[in-house]
Amino acid sequence: MSPRYQVSGVPAFNDNYIWVLHDNHHAVVVDPGEGFPVIRFLKEHGLALAAILITHHHGDHVGGIEELLETHPGPVPVYGPRRETIGGITRPVGEPDTVSIPELDAAFHVLDIPGHTAGHIAYWDGTRLFCGDTLFACGCGRLFEGTPDQMATSLDKLAALPENTEVYCAHEYTLSNIAFARAVEPDNAALQQRAVEAADTRRRGLPTVPSTIGLELRTNPFLRCHEPAVIQTVLSQTGAQPTDSVAVFAALRQWKNTF
Ligand code: ZN
Ligand code: FE
């Protein structure tokens, strides 16, 4: 069953997307790093704010909470990671909580996905995944507060979701992620095709997000740490045979930091 609500991406800062889930009346806002563009969007579309969902504590994801609440009087629940301290959060959540949004007939499973930050969470309703800065289109977030082991476990959890799950990450990093992915897997045909399509999408000024779990499984090197071609690349980069898939992941993430 596909959800009743639609999703619009409100661009913020240089490359953030603030996802607005809405029907014709109500809206849920994910990671409002800025208030102003969201407030304008809600006003233009005549939408009442039903809830705010936060994935992690970074400023480009939480900076607009206060301003947004100020312009929408009345109690608006603000959900966010139980293991992080974030001003404005009224409903701290973690796995296995469910977040119900009756206004949109939606219910989200909360997934604990530490690594980018220590308490990072995602929201998944069976069809759509809002994963902040953990899984990106053809890439993954930096390890600011977590270990490679934690991040690899978090990515495995997301990779196990149904292949048709739509993946809404919080940044438009796709082209640079694809450039890195091609260095890792130069012979991946699905990746070559994605490169062509994503370049065309960006040329037309459109977002490359959402992607799907299926597309990420076929093209995202950070979800492909078991693939012989990926292991081979890590071997030739580091000169050492990685001991397991976490070591492959750690080497890829390290390399990406300076790519
Ligand atoms: Zn972040
Ligand atoms: Fe971010």
Side-chain angles (χ1 to χ4, degrees), residues 7-21 28-38 41 52-68 78-89 92-95 108 110-124 128-155 157-158 166-178 180 198 202 207-211 216 220 222-223 249-250 252-254 256-259:
V7 184
S8 298
V10 174
F13 305 111
N14 280 336
D15 50 32
N16 283 68
Y17 293 123
I18 300 171
W19 299 111
V20 181
L21 293 44
V28 170
V29 176
V30 183
D31 284 354
E34 288 188 285
F36 167 70
V38 182
F41 181 90
I52 296 174
L53 308 182
I54 301 295
T55 63
H56 68 292
H57 68 81
H58 286 159
D60 63 313
H61 299 251
V62 304
I65 296 175
E66 204 176 317
E67 199 183 351
L68 202 47
V78 183
Y79 296 89
R82 163 194 301 154
R83 296 208 230 106
E84 295 186 354
T85 307
I86 301 168
I89 286 187
V93 291
E95 203 171 311
F108 294 90
V110 179
L111 306 173
D112 288 332
I113 48 168
H116 177 68
T117 63
H120 200 304
I121 58 174
Y123 301 88
W124 175 62
R128 290 166 172 156
L129 172 72
F130 298 90
C131 53
D133 287 355
T134 297
L135 176 61
F136 286 128
C138 218
C140 75
R142 283 174 185 261
L143 304 184
F144 286 118
E145 298 171 12
T147 63
D149 191 28
Q150 277 180 321
M151 188 63 152
T153 302
S154 296
L155 291 173
K157 189 183 284 186
L158 301 183
E166 293 175 2
V167 179
Y168 292 84
C169 58
H171 290 271
E172 179 64 58
Y173 289 157
T174 313
L175 293 188
S176 58
N177 285 342
I178 287 174
F180 176 74
R202 292 309 290 154
T208 61
V209 183
S211 68
E216 296 310 321
N220 187 328
F222 296 100
L223 301 188
F249 173 79
L252 286 180
R253 188 55 263 185
Q254 186 73 35
K256 175 72 165 64
N257 289 345
T258 56
F259 184 76

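Every number for a ligand or one of its atoms is a count from 1 in the order of the listing.
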What angle, to the nearest 10°, do the atoms OD2 (Asp60) and NE2 (His61) form about the Fe ion (ligand 2)? 90°

Whether the [X] and [Y] side chains hold a donor-acceptor pair (N or O, under 3.5 Å, no angle test) is what I'd like checked.
X      : Y     : value
His171 : Asp60 : yes
Glu84  : His58 : no
Asp133 : His61 : yes

For the OG1 atom of Thr134 and the CG atom of Leu129, what is their distance to the nearest 0.5 Å? 9.0 Å

Return the orientation label for the Trp19 and Tyr168 ring planes: parallel under 30°, perpendicular over 60°, tilted otherwise. perpendicular

Tell me whether the Fe ion (ligand 2) has His171 as a neighbour, meaning an N, O or S atom of it below 2.8 Å. yes

Taking backbone and side chain together, does Asp133 place any N/O/S atom at a distance below 2.8 Å from the Fe ion (ligand 2)? yes

Could you check whether any side-chain heavy atom of Val28 comes within less than 4.5 Å of a side-chain heavy atom of Ile52, counting everything from C-beta outward? no

Listing by chain and number, which protein N, O or S atoms are under 2.8 Å from the Zn ion (ligand 1)? His56 NE2, His58 ND1, His116 NE2, Asp133 OD2

With ring centroids as reference points, do Tyr123 and Phe130 lie under 6.0 angstrom apart? no

